[in-house]
Novice: 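Okay, handing you the structure first.
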There are 2 protein chains.
Amino acid sequence: MATIKDVAKIAGVSPSTVSRVIAGSDRISNRTKEKVRRAMEEVEYVPNAIARSLARANTRTVGFTLSRRADQAFSNPFFSEVLRGMSSVAQFRDYNILLSISMNEREEREKCLRLIRERRVDGLIVSTSRVHDTLISTLVEEETPFVVIGRSAEHPALSVNNDNVHASYQATLHLLDQGYQSIAFISGPRDLVVTSDRVQGYKQALLERQLPVVPERIVSTEFSEEEGFQALCRLRSEGVAFDAVLASDDLFALGALRFAHYTGLSVPSDLGIIGFNDTPMMTYTHPPLTSVRILSYELGVEAMQLLLDGLEHPERMQTKKEVVLPSRLEVRESTRRLAKS
Amino acid sequence: MATIKDVAKIAGVSPSTVSRVIAGSDRISNRTKEKVRRAMEEVEYVPNAIARSLARANTRTVGFTLSRRADQAFSNPFFSEVLRGMSSVAQFRDYNILLSISMNEREEREKCLRLIRERRVDGLIVSTSRVHDTLISTLVEEETPFVVIGRSAEHPALSVNNDNVHASYQATLHLLDQGYQSIAFISGPRDLVVTSDRVQGYKQALLERQLPVVPERIVSTEFSEEEGFQALCRLRSEGVAFDAVLASDDLFALGALRFAHYTGLSVPSDLGIIGFNDTPMMTYTHPPLTSVRILSYELGVEAMQLLLDGLEHPERMQTKKEVVLPSRLEVRESTRRLAKS
DNA sequence: CTGTTAGCGCGTTCAG
DNA sequence: CTGAACGCGCTAACAG
């Protein structure tokens, strides 16, 4: 593998001159530039990124960490899409992505700190999702450049998030507008930020319409179709009435649909159903299910841009900024009650 | 950030001694070892991975490249699972993953070569999927350590693949065993290796049962539900008869299901349907769809192990090896004809 | 415009 | 058992 010295020797110049040509310095005569170029081609010279990183004290690499549980069921393409978004801007701006998928939040935390302390990455994108979480504040203390995705940071930090509160609020209003009176809310684990955000939007809509918030109608469970189904069975057996379900995940919505079939309720007339994420399968059910579409790809794009902007212009780097991406309710048969009646 | 020199100064030893302690050298007195350890803790020393990489000429990093099209519709969690598998062994063996998602195969190719030539990674896992592909042979020429996943390498190289031929063969036999006579095969793009493998398995089963291979029954199209639906509509309008569909992707199978509803065929009695990938949604359709389950997570695990074994023991590194992972037919209602009749 | 010198932080001889 | 010296490949400050 050819080094800068080999090129220098062939071109008959010093290594630093070669370095300058690579850097595109303007204080180099066109003649030597040409000589150097030719020498580089002759030996197929490619700069060693590691040596460059050491000398420049940066890596042009961004770490993305993820704990597996945060990925919910992997049944939805959320993180795939986020990754695609991140990768597309990284590629364009000549950065690399170092990916780490951990089994739990402790591992994720350690991996993050390690990547930074070993100087393997210039910055991080993290997706920690629990309410009580010390990772963010630790990163702030370490003065690490980082962006949080999928939640608001709550600290002086950068974040890119979906408008979960508003999305949930809108979805609830949609159900009310369709004439549903009592809406059950199936949420994910209570300690997830996304859960509390969505519960908040749900409550907000009810309050705005001066409807009571019935605590029994809000159930919290692990993300899965089966859990969604069971949650509704429990509500029924406990005598909690509901004529619509707002599900904080498409899997729950599928469980709700099964519940409807199972109990002989017809959708949407007896039971309205809305899911979250708008996975492709939502269009293939009977009836097709209304769902909140999340802009995952864009989330990745925004997060990476925010981080790279900060890395490249530390002086302009804000200490706090929250980008909120809009989501959109994809209305399908499962909530079209008025149109049908 | 503390360096090895700082630690040396505090411990009252030379940098090389510190380096030896880190490396776990045995020719160091326990007393100095202890001194050095304490000094390291005092300044919270963490070795700089970049400097280490430069000195040792390795990065403990593996590149994984992927062109977006290869991810088919992103509707299935295939690559998420592969990544999880890769990540879990990388984590365990203290390696990192550099991820790159390209828009097309040209970009993927360039990214691969760049990662290697810039010495950013020690090896690669690539998922190039076209039949005519020069990437693999280029990597062989460059003497890059790499593993191909999701296809057989066809070159003196390492690869981890599903048993596509056999899986398709088994699926076809299953349909025949259920009494279906004429099986349509909806495949993906013809230039994908996975397509030709599955077509081969399909043909093999027919030949074994001494049934004719009817070319018109084999259609090739882009992966999507709509395309699957349209493909069958075309067959029907062309008068090509079939009483079962082997779909090379679950999306096609969903399209086939819609086709059945649309044309009033009942599944499985009038039409049998099998998909590939066994995405979660297959259990939620009516009727639930039979599908071939691919071991994606394990694919990632095997690929990473194969690569790391090679990197760590270049002497034992084989030049050619193909690991084939079994898949399993998940039989559901959509093909249970005999049990029902 | 270009060469020389001195690091970046660590690993690895080679002495002792 | 330990230290000094050098090199990994490149960048950057300083001369000229």
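Chain letters run A, B, ... following the sequence lines, proteins first, then strands; residues in each count from 1.
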Novice: Establish, with yes or no, whether the OP1 or OP2 oxygen of D/dA4 is under 4.0 angstrom from a side-chain nitrogen or oxygen of B/Ser16.
Specialist: no
Novice: List, one per line, each side-chain donor-acceptor pair under 3.5 Å for residues 141-150 of chain A, sequence neighbours excluded.
Specialist:
{"from": "A/Glu142", "atom 1": "OE1", "to": "A/Arg117", "atom 2": "NE", "distance (Å)": "3.4"}
{"from": "A/Glu142", "atom 1": "OE2", "to": "A/Arg117", "atom 2": "NE", "distance (Å)": "3.3"}
{"from": "A/Glu142", "atom 1": "OE2", "to": "A/Arg117", "atom 2": "NH2", "distance (Å)": "2.5"}

Novice: Out of D/dC10, C/dG11, C/dC8, which has the shortest distance to the side chain of B/Ser19?
Specialist: C/dG11
Novice: So what does A/Pro15 touch, heavy atoms closer than 4.0 Å: a base, only the sugar-phosphate, or nothing?
Specialist: nothing
Novice: CZ of B/Arg20 versus C1' of D/dT2: gap in Å, rounded?
Specialist: 6 Å
Novice: B/Val18 near the nucleic acid: base, sugar-phosphate alone, or nothing, with a heavy-atom cut-off under 4.0 Å?
Specialist: nothing
Novice: Nearest whole angstrom, please: distance from the P of C/dC10 to the CZ of B/Arg52.
Specialist: 8 Å
Novice: Can you measure B/Lys5 atom NZ to C/dG9 atom P for me and round it to whole angstrom units?
Specialist: 8 Å
Novice: Within this structure, what is the NZ-to-P distance between B/Lys9 and D/dT2, rounded to whole angstrom?
Specialist: 20 Å
Novice: Could you tell me how far apart B/Ile28 (CD1) and C/dT12 (P) are, to the nearest whole angstrom?
Specialist: 13 Å
Novice: Taking side-chain contact (heavy atoms from CB on, under 4.5 Å) as the criterion, tell me which of B/Thr3, B/Asp6, B/Ile4 meets it with B/Pro15.
Specialist: B/Ile4
Novice: Quick check on C/dG3: is either OP1 or OP2 less than 4.0 Å from any side-chain nitrogen or oxygen of A/Ser14?
Specialist: yes
Novice: Look at B/Thr17 and D/dG3 and indicate whether a side-chain polar atom (N or O) is within less than 4.0 Å of OP1 or OP2.
Specialist: yes
Novice: Calculate the interatomic distance between B/Asn58 atom CG and C/dG11 atom C1'; express it in whole Å.
Specialist: 11 Å
Novice: For the pair made of CG in A/Leu54 and P in C/dA6, what is the distance, rounded to whole Å?
Specialist: 18 Å
Novice: Would one find a side-chain N or O of A/Thr32 under 4.0 angstrom from OP1 or OP2 of C/dT2?
Specialist: yes
Novice: Is it the case that atom NZ in B/Lys9 sees more than 12 heavy atoms from other parts of the structure closer than 6.0 Å?
Specialist: no
Novice: Could you give the CD1-to-P distance, from A/Ile50 to D/dT11, as a whole number of Å?
Specialist: 13 Å
Novice: State which of D/dC8, D/dT11, D/dT2 makes the closest approach to the side chain of A/Ala55.
Specialist: D/dT11
Novice: With a cut-off of 6.0 Å (strictly less than), are more than 12 heavy atoms of other residues, nucleotides or ligands near NZ of A/Lys33?
Specialist: yes
Novice: Do A/Phe79 and A/Ser296 come close enough that some side-chain heavy atom pair is under 4.5 Å?
Specialist: no
Novice: Does A/Ala2 or B/Val13 map to a spot on DNA chain D nearer the 5' end, using the closest nucleotide for each?
Specialist: B/Val13
